[in-house]
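Fair warning: this is a prediction, and the values are worked out from it, not measured in the lab. By convention in this document, chain letters (A, B, ...) are assigned in the order of the sequence lines, proteins followed by strands, and residues within each chain are numbered from 1.
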Number of protein chains: 2
Amino acid sequence: MARDSRPMTLEDVAKRAKVSPATVSRVLNKTGRVKEATRLRVLKVVENSGYQPNIHARTLAHGRSRTLGMIVSNLRNPFFLDIFQSLESDSHKRGYEVVVANTDYEPKQLMTHVGLMRGRRLAGLAIIVSEMEPTLIDKLADSRMPIVFYDVGVAHHHCTNIKTDYAKATRRVVEYLCSLGHRRLAFVGHHTGLEPLHTRQRSFLEAVKERCGELEHATVADADSPAGGQSATRQLFASGFKPTAIVCCNDLMALGVLKAVRERGLSIPEDVSVVGCDNISLAEFAYPPLTTSNDRIGHLISQALMPEGDTSPLWGREIPIEPELIIRDTTGPPPANGR
Amino acid sequence: MARDSRPMTLEDVAKRAKVSPATVSRVLNKTGRVKEATRLRVLKVVENSGYQPNIHARTLAHGRSRTLGMIVSNLRNPFFLDIFQSLESDSHKRGYEVVVANTDYEPKQLMTHVGLMRGRRLAGLAIIVSEMEPTLIDKLADSRMPIVFYDVGVAHHHCTNIKTDYAKATRRVVEYLCSLGHRRLAFVGHHTGLEPLHTRQRSFLEAVKERCGELEHATVADADSPAGGQSATRQLFASGFKPTAIVCCNDLMALGVLKAVRERGLSIPEDVSVVGCDNISLAEFAYPPLTTSNDRIGHLISQALMPEGDTSPLWGREIPIEPELIIRDTTGPPPANGR
DNA sequence: TTGAAAGCGGTACCAA
DNA sequence: TTGGTACCGCTTTCAA
C-alpha cells in the first residue's frame, strides 16, 4: 500500500529495510550472498510495500532484457496465433515475456517493427512473416540477439532458419487429389506477390504440370481471411471454371472457401473437395473437418530462442520441416458425372 | 551499418554529427528549436548509422512509456483476439505499442501479469478477464495509469468499467427460443465458478425460471475451446437429456457444440438449435452460420486508454453495453415430434 | 556480508 | 540555437 502516488523504487525499499540498494538488488536477483536475516527483512518490505521493479531501469542497467519479440504477418490467422501461444507459454515457464507485432503483410511495417524491436534490446526475435525487405539484413546485422526466421530464409550466421517444404507438401496434395480421380483443380491464395506465398502457388502449378496436361486448373487470390477465401471462390465460380477440388494456401481461407462452395449449392466433399494448409486447431472443428497438412513450429521457435543448457544449439542452422498430409472429411472422389 | 557489435547510442550519433546529445534528443523528439542545418546533419547521421533509440532508457528518463498493456483470460478465444487486434491497430496509428499477457483464467497468473505490467510503467492497461482477486485493487491503487476493466467491475476512480448486460442478452435468447417453440433447453458454459461466467449461467437459469416450469433444462461446462464445447455436449447427451436448443456461453465453444451435435447424427437447426455469444468474426463462417449476440468493444477500449483531445473522457465511468441478438442459421423451430 | 559509486542511454532544465 | 548536467531506477564492480 504505497502512500504517495509515485511507484516504489528499489531505494525506497532499501531505506525501509535499512540496507543499501545494492543489498536489495542482491536479494531480489539472488546474486551474491546476503545474511539470511537481512534477506528476510528485505523480502518482507518488498512483500508489503507492493514494490515492483522497474523493468526499464533493470534492462538498461543489465544491458539485456528478458523479453522475446515476435513479428508476424497476420495475427488473426490462427496459424500465427498458435505459434505465439506456444512461444508465450514456453517463455513464461522460463521467466521471459513476449511482445508481438503485426505487419499486415506490409514490408514497411515489418521494417518499423524490426526497428522498435531493436530498440527493446530483446533477448531474441522471431520473424514469422511472408513479406521481405532486402535492407532487413543490414538492419539486423549489428544485433547480437538470437533471431529466428520462418519461411523467408535469410542467410546470416546469427539466424536460425525454419523452412517448410511447401513444394513437397503441395505436390503430395495434388497427387492425392489426382489419385482420387480429380481432374479440374483450383488454387486459392493470398498475397501471391510475396515470395513464400508465391512458392505455394508455383508449387501447385508445377505439380499440376507434372501430370502432363492431364489436368485443368485455375488460380485466384484474395485477402488472408475467411472472407477472402469466400470472395476468391466466388470469383472462381464466376469465371465459369468448375473445379472438383480446391487447394487453399492455408486453413483460414479454406474456411471461407467451404462457405462459398456451399452457398453455390454444392456439397463437400461430394461435389467439391477442399484442402487447406497449416493444420490450425480450428481445422478440426470446421464442417466438414478440414483435410490439411500440418506444420506446428511453435516449440521449435522457443527452442531456438531460448536454448536449453543441454540441447544442441539451433544456431545459424537451417531447419527443414516436412509437412504431413492430414486427411479429414473435406476430400473425397469427384462426382461421377462431370457436373 | 554499425561497425562495432554494441548498438549505437544517442551519444555516438551526437559525436558523429558534432553536436551535443541534448541536440540530438531535440531533433529526434521534435522538442525545442534546432537550426535546420544541424537538424539535417543529425538526421543524416541517424539515417545511415541505423541508430535506434533504446526504449528503456527513453522510458526511464521520460517516466512514462508509449506502451499499452492488455491482460486477457484466453487469447485463443477470438473474442479476446478481436479486441487485441483493434487495440493494436488503433494504437499503432497513434505511435503506441501493445503488449498482451494471458492468464488462462488463473487468478494467480492475473496477479503476476499485473505486477509485470506495473513494472513496465505503461501508458494504460486493459484488463479483460473473467477471474478476479480481491487484492488486485490494492495492487493497482497506487498507479496513475488509465485502466479499463471489462466485465469484472472494480470500483475505483481511475478505472473505466465496461460491462455487458448478459442478463438481458441471455433472457432475450431464451425468449427467442421459447417463441420458436423450444421447451427443452441446455446451457453450455466454462469456468462457471468465475463471476462473469457464472452470471451468464445464472441468467440462463433465471430466464428459464421466468417461464414458470414450462421449460426443462440442464447445464454443463468444460474448457473454453471448441474441444471443450464438444466434450460438454457429449456429457449432455450422455446424461439422457435431449435438448432441442443449446445456449452457449460463447461462440468458440459453440463451434465444438455444433460438431458434437452432428456426430450424434442430429442436424442443425432442424433437430437442435444452437446459440453462441460474442459474435466473433468466425461465427459467420461456422456451418451453419452461428446465431449469436454481438458485443464488439475493441475500439471502446482504445478510446478509454488513449482519449482523443476532443472526446469526452471515459474516465471512472461505467460503460454499459447492450448486446444485440444476431440471428443466423443455427436456430429454428424445434422438431415437430418430440424426438 | 554490506555499502558507495559508477554507469546503462536517454530527457529536460538551466545557462551560455 | 546550443551545450552542460542532473537525474530516471537498477546492476555491478570495488572497498570496506
| query | What salt bridge (Lys or Arg N to Asp or Glu O under 4.0 Å) pairs are there with at least one residue in residues 29-39 of chain A, not counting sequence neighbours? | reply | Glu36(A)-Arg39(A)
| task | With sequence neighbours left out, write down each residue that passes salt bridge (charged side-chain N to carboxylate O under 4.0 Å, His left out) with Lys108(A), or none if nothing qualifies. | result | none
| Excluding sequence neighbours, so at least two apart, what forms salt bridge (charged side-chain N to carboxylate O under 4.0 Å, His left out) with Arg41(B)? |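 By the salt bridge (charged side-chain N to carboxylate O under 4.0 Å, His left out) rule, Arg41(B) matches no residue at all.
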Donor-acceptor contacts, no H, no angles, side chain residues 78-87 of chain B, under 3.5 Å, sequence neighbours left out:
| residue | atom | partner | partner atom | Å |
| --- | --- | --- | --- | --- |
| Asp82(B) | OD1 | Arg76(A) | NH2 | 2.6 |
| Gln85(B) | OE1 | Asn102(A) | ND2 | 3.4 |
| Ser86(B) | OG | Asp82(B) | O | 2.8 |

| request: For the residue pair Leu140(B) and Ile127(B), establish whether any side-chain heavy-atom pair is separated by less than 4.5 Å. | output: yes
| Contact check, side chains of Met132(A) and Pro196(A), non-hydrogen atoms, under 4.5 Å |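 Not touching, per the 4.5 Å side-chain cut-off.
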| message | Just to verify, what does Ala61(B) make a side-chain contact (heavy atoms from CB on, under 4.5 Å) with, not counting sequence neighbours? | response |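 Ala61(B) satisfies side-chain contact (heavy atoms from CB on, under 4.5 Å) with no other residue.
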| query | What residues form a side-chain contact (heavy atoms from CB on, under 4.5 Å) with Thr67(A), not counting sequence neighbours? | reply | Ser65(A), Glu97(A), Val99(A), Leu122(A), Arg120(B)
Please report the closest heavy-atom contact between [X] and [Y], naming both atoms and the distance.
{"X": "Tyr96(A)", "Y": "Met306(A)", "value": "CD1-SD, 3.7 Å"}
{"X": "Ser73(B)", "Y": "Thr103(B)", "value": "CA-OG1, 3.2 Å"}
{"X": "Ala101(B)", "Y": "Glu88(A)", "value": "CA-OE2, 3.6 Å"}
{"X": "Asp90(A)", "Y": "Ser302(A)", "value": "OD2-OG, 2.6 Å"}
{"X": "Val152(B)", "Y": "Glu131(B)", "value": "CG1-O, 4.1 Å"}

| message | Going 5' to 3' along DNA chain C, which are the first and last nucleotides with any atom under 4.0 Å from a heavy atom of chain A? | response |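 In short, chain A contacts DNA chain C from dT1(C) to dG9(C).
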| request: Specify the residues of residues 117-125 of chain A, ordered by number, for which at least one heavy atom lies under 4.0 angstrom from an atom of DNA chain C. | output: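 Output list: empty, so none.
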| said: Which residues in residues 22-43 of chain A have a heavy atom closer than 4.0 Å to any atom of DNA chain C? | reply: Ala22(A), Thr23(A), Arg26(A), Arg33(A), Val34(A), Lys35(A), Thr38(A)
| request: Compute the bend angle of the helix from dT1(C)-dA16(D) to dA16(C)-dT1(D) from the end axes (five pairs per end), rounded to 10°. | output: 40°
| said: Can you tell me if Glu133(B) has over 12 outside heavy atoms packed within less than 6.0 Å of its CD? | reply: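 Yes, enclosed.
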| task | Indicate, with a heavy-atom threshold strictly under 4.0 Å, whether Pro21(B) touches base, sugar-phosphate, or nothing. | result |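 Touches nothing.
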| task | Report the residue (His62(B) or Lys18(B)) whose heavy-atom-nearest nucleotide on DNA chain D is the more 5′ of the two. | result | Lys18(B)
| note | The first and last nucleotides of DNA chain D lying within contact of chain A, meaning any atom under 4.0 Å from one of its heavy atoms, run from dG9(D) to dT13(D)
| request: Keeping to residues at least two apart or across chains, list the ring-ring contact (aromatic ring centres under 6.0 Å, His included) pairs with something in residues 24-57 of chain A. | output: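 Qualifying pairs, neighbours excluded: His56(A)-His56(B).
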